[in-house]
Colleague: 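Got a structure here, written out as structure tokens. Questions coming.
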Amino acid sequence: MGKTITEKILTTHIIEGKPEKGKEVGIHIDQTLTQDATGTMAYLQFEAMNVPKVKTELSVSYVDHNTVQIGFENADDHRYLQSVAAKYGIVYSRAGNGICHQVHLERFGKPGKTLLGSDSHTPTGGGIGMIAIGAGGLDVAVAMAGGPFYLTYPKIIKINLTGKLRPWVAAKDVILKVLEIFSTKGNVGCVFEYGGEGVKTLSVPDRATITNMGAECGVTTSVFPSDDITRQFLKAQGREKDWVALLPDDDAVYDRIVDINLSELQPLAATPHSPGNVKKIRDIEGLPVDQVCIGSCTNSSYTDMMTVANILKDKKVHPNVSFVVAPGSKQVLENITHDGGLAHLLSAGARIAESACGFCIGNSQSPKSGAVSLRTSNRNFLGRSGTKDAQVYLVSPETAAAAVITGKITDPRDLENIGIIYPKMTMPKKFYIDDGMFILPPKDSSKIKIERGPNIGEPPKNTPMPENITAEVTIKVGDEITTDHIIPAGAKMKYRSNVPKYSEFLFEVVDPKFYERAKKIKESGLHNVIVAGVSYGQGSSREHAALCPMYMGVKVVIAKSMERIHKANLINFGIIPLTFVNKDDYTTIDQGDHLEIPGVRTLLSGTGTTMNVKNKTKGKEFTATFDLSERDKHIILAGGSLNYIK
Ligand code: MIC
Ligand code: SF4
């Protein structure tokens, strides 16, 4: 039987388990990446493993999230990361060099390799035929130490592309269509593999936009073939030798095939407050726009920037619009400078931001109260922009540029009515390349001292799981609670290396009293429990969404369903992820209820998969289930991965 691309890469990397769908396998990781916001904790955990050097082919530490440097905290983190990289054989990408996913695609990604990154948009690497997976920092630390990465051997869904995008319709509209079809929930344990004739019409940056935002569907990863277009891209990056062809076999078998005809697509938007709320631009056009932000790891490539620059050539930013552009990398910025794009943007009135996450993570460019903000990024969760009542729409660079000119949501195809011809840009044959912002690790690192400023704490410790859980429901939340709801990023992200401080912001957007309540419950000697609806923990890979609850004494999360990375993070920090057997039991619990789960250690040591939860307040009882491997159970019993490894 023939193989899919996913199977070809996974089967050559399996070091534990068998390739059976739905079963756990451990795979070898060739490359890792971290970014600063998840990286400090990942490297603190790596240090605790006492491994002298990373054991991967390549590990890169990027600084792209917290680059604002108000106060000493960000800079402390950067120096810590730089010294750790030098000590352990890791390439360091300095602040200003660009967003990890964009830079990794440009300079390091290789078809056929596995990449594990402590950021949920790591699947961007699928655009050049890698199996690139997002994970918590602790999992990435284990991979750097040479350990396997465990995942559920996935179901493979082929997205069969036919036709060709029409002018003004972009790769972003393809992934928004995918989100419309698959939504943001129910796709855990699947991989999207793109194929069909339409693939040949998409450039590597187009493909990377599509694989990047597959993260919003909750899939393990997304992957494109490695073909001649991939080769051209790597050649333009001076890396043709890194190319290998990677195509599925003709008789490859998929679990499901979904067809998308590129020729039939039209401009789309994800409307507030979920990437899954997809609407046609035609159905929302005319809405006045206050802000347009172009950039983020989804849409900040050379071609994206040049397309926008050429749409805006000789035009001016509408007076009611605040317009910011953040090129994805130093390389992008330098190339659009050489090719004249930057001049068009500047003369149109764009504000140029650093090549970093910036507006996307809400640590700059928060829009005015109640603003309508059009962004080319991938997430529009409530409050993520830093302005709680802002209405964020996710669109293509073309649609964003149209609003810059008209001041309202505009179908970019209508720009032809005002004489603008579609300037779809192609990639240069050879990029201007300067790798000066990478610092390579020295051969002899024995003299390197790790720099720990006052912002660098220690990873908090946890105690082993007790036999009986006696708890209070600290919070009950609804469906699709994202990690941005659980622990905000934005300006608060500077406390990532200081867990006690960062924990004060837990559930801030949903319920600002959470922290005080959790603290009281913990001090009273009870455990904290979180109750949630479907798809709990969507979005980011940030392990602080598990680490901070652990610090506050949360022992159990009971949800209707949970997302992959967050569930793995809960396990890594010794929190039991339970799901309701009967979803209606969710309605019987309220915040403040006292729960008892007896015999937890015994149950986790046995072969069963359920626990009885007694609701003392309501005088009721219900069953919850856990889907955990033997290893997961041992980790939880030990009180988390670090204890387990020791
Ligand atoms: C995000 O886009 O939400 C982030 C910030 O990049 C996160 C990582 C983090 O929280 O540090 C992600 O996507 O994993
Ligand atoms: Fe950075 Fe935004 Fe991409 Fe996350 S989604 S890595 S914050 S650009």
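Read the numbers this way: they start at 1 and go in the same order the structure lists the ligands and their atoms.
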Colleague: With rounding to the nearest 0.5 Å, note down the distance linking CD in Q102 to NZ in K330.
Modeller: 13.5 Å
Colleague: Taking heavy atoms and a distance under 4.0 Å, where does R384 meet ligand 1: side chain, backbone, both or neither?
Modeller: side chain
Colleague: Decide if the gap between the ring center of Y88 and the ring center of F46 is smaller than 6.0 angstrom.
Modeller: yes
Colleague: Applying a heavy-atom cut-off of 4.0 Å, say which part of H65 lies close to ligand 1: side chain, backbone, both or neither.
Modeller: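 Near ligand 1, H65 shows its side chain, while the N, CA, C and O stay back.
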Colleague: Determine, step by step, whether D36 and D64 satisfy the side-chain contact (heavy atoms from CB on, under 4.5 Å) criterion, reporting the C-alpha distance in whole Å, the side-chain angles of both residues, the deciding distance to 0.1 Å, and the verdict.
Modeller: CA-CA 7 Å; D36 52 307; D64 55 2; 3.3 Å; yes
Colleague: What atoms in ligand 1 come closer than 4.0 Å to a heavy atom of H121?
Modeller: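 Per the distance check, 13 (O).
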Colleague: Does D435 pair with R107 as a salt bridge, N-O distance under 4.0 Å?
Modeller: yes
Colleague: Enumerate the atoms of ligand 1 whose separation from the nearest heavy atom of S541 is less than 4.0 angstrom.
Modeller: 12 (C), 14 (O)
Colleague: Counting non-hydrogen protein atoms only, what is the nearest one to atom 13 (O) of ligand 1? Give residue, atom name and distance.
Modeller: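 Ranking protein heavy atoms by distance from atom 13 (O) of ligand 1, first comes S120 OG, 2.6 Å.
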Colleague: Please determine if R542 and D484 form a salt bridge, counting it only when a charged side-chain N lies under 4.0 Å from a carboxylate O.
Modeller: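 A salt bridge links R542 with D484.
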Colleague: Which word best sums up how the rings of F108 and H104 line up, parallel for under 30°, tilted for 30 to 60°, or perpendicular for over 60°?
Modeller: tilted
Colleague: Between A269 and I281, what is the shortest heavy-atom contact and its length?
Modeller: CB-CD1, 3.6 Å
Colleague: What count do you get for protein N, O or S atoms closer to atom 3 (Fe) of ligand 2 than 2.8 Å?
Modeller: 1
Colleague: Give the atom numbers and elements of ligand 1 that come within less than 4.0 Å of a heavy atom of A37.
Modeller: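 Heavy-atom distances to A37 below 4.0 Å select 11 (O).
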Colleague: Which atoms of ligand 1 have any heavy atom of S540 under 4.0 Å away?
Modeller: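 With S540 as reference, the close atoms of ligand 1 come out as 3 (O), 7 (C), 8 (C), 9 (C), 10 (O), 12 (C), 13 (O), 14 (O).
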Colleague: Distance under 4.0 Å to a non-hydrogen atom of D119: what atoms of ligand 1 satisfy this?
Modeller: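 Those of ligand 1 that fall under 4.0 Å from D119 are 4 (C), 6 (O), 7 (C), 8 (C), 12 (C), 13 (O), 14 (O).
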Colleague: Measure across P549 and I530 and return the closest heavy-atom pair with its distance rounded to 0.1 Å.
Modeller: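 Where P549 meets I530 most closely, the heavy atoms are CB-CD1, 4.5 Å.
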Colleague: Give a yes or no on whether the ring-centroid distance for F192 and F182 is below 6.0 angstrom.
Modeller: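 So the answer is yes for these two rings.
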Colleague: Name the closest protein heavy atom to atom 10 (O) of ligand 1, giving the residue it belongs to and the distance to 0.1 Å.
Modeller: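 Checked against all protein heavy atoms, atom 10 (O) of ligand 1 sits closest to R542 NE, 2.6 Å.
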Colleague: Walk me through it: do S118 and T38 pass the test side chain to side chain donor-acceptor pair (under 3.5 Å)?
Modeller: CA-CA 6 Å; S118 63; T38 55; 2.7 Å; yes
Colleague: Return the closest protein heavy atom for atom 4 (Fe) of ligand 2 as residue, atom name and distance.
Modeller: H65 NE2, 3.8 Å
Colleague: What are the atoms of ligand 1, with element, lying closer than 4.0 Å to any heavy atom of I361?
Modeller: 5 (C)
Colleague: Return the minimal non-hydrogen interatomic distance between P275 and L179, and the atom names on each side.
Modeller: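 In terms of heavy atoms, the two residues are closest at O-CD1, 3.7 Å.
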Colleague: Counting only heavy atoms closer than 4.0 Å, does ligand 2 sit against the backbone of R384, its side chain, both, or neither?
Modeller: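 Just the side chain.
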Colleague: Give the atom numbers and elements of ligand 1 that come within less than 4.0 Å of a heavy atom of T38.
Modeller: 9 (C), 11 (O)
Colleague: Let me see the working for V84 and Y92 under side-chain contact (heavy atoms from CB on, under 4.5 Å), right down to the final yes or no.
Modeller: CA-CA 9 Å; V84 165; Y92 182 67; over 6 Å; no
Colleague: Any N or O on R379 sitting closer than 3.5 Å to an N or O of ligand 1?
Modeller: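 Such a contact does occur with ligand 1.
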Colleague: With heavy atoms under 4.0 Å as the rule, classify the contact between Q35 and ligand 1 as side chain, backbone, both or neither.
Modeller: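 Answer for Q35: side chain.
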Colleague: State plainly whether the residues E73 and K501 are in salt-bridge range, i.e. N to O under 4.0 Å.
Modeller: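 No, no charged N to carboxylate O under 4.0 Å.
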Colleague: Using the six-membered ring wherever Trp is involved, compare the ring planes of F381 and H485 and label them parallel, tilted or perpendicular (cut-offs 30° and 60°).
Modeller: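 Rings of F381 and H485: tilted, as their planes differ by 30° to 60°.
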Colleague: Pull out every atom of ligand 1 sitting under 4.0 Å from any heavy atom of R496, numbered as shown with elements.
Modeller: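 Selected atoms, number and element: 9 (C), 10 (O), 11 (O).
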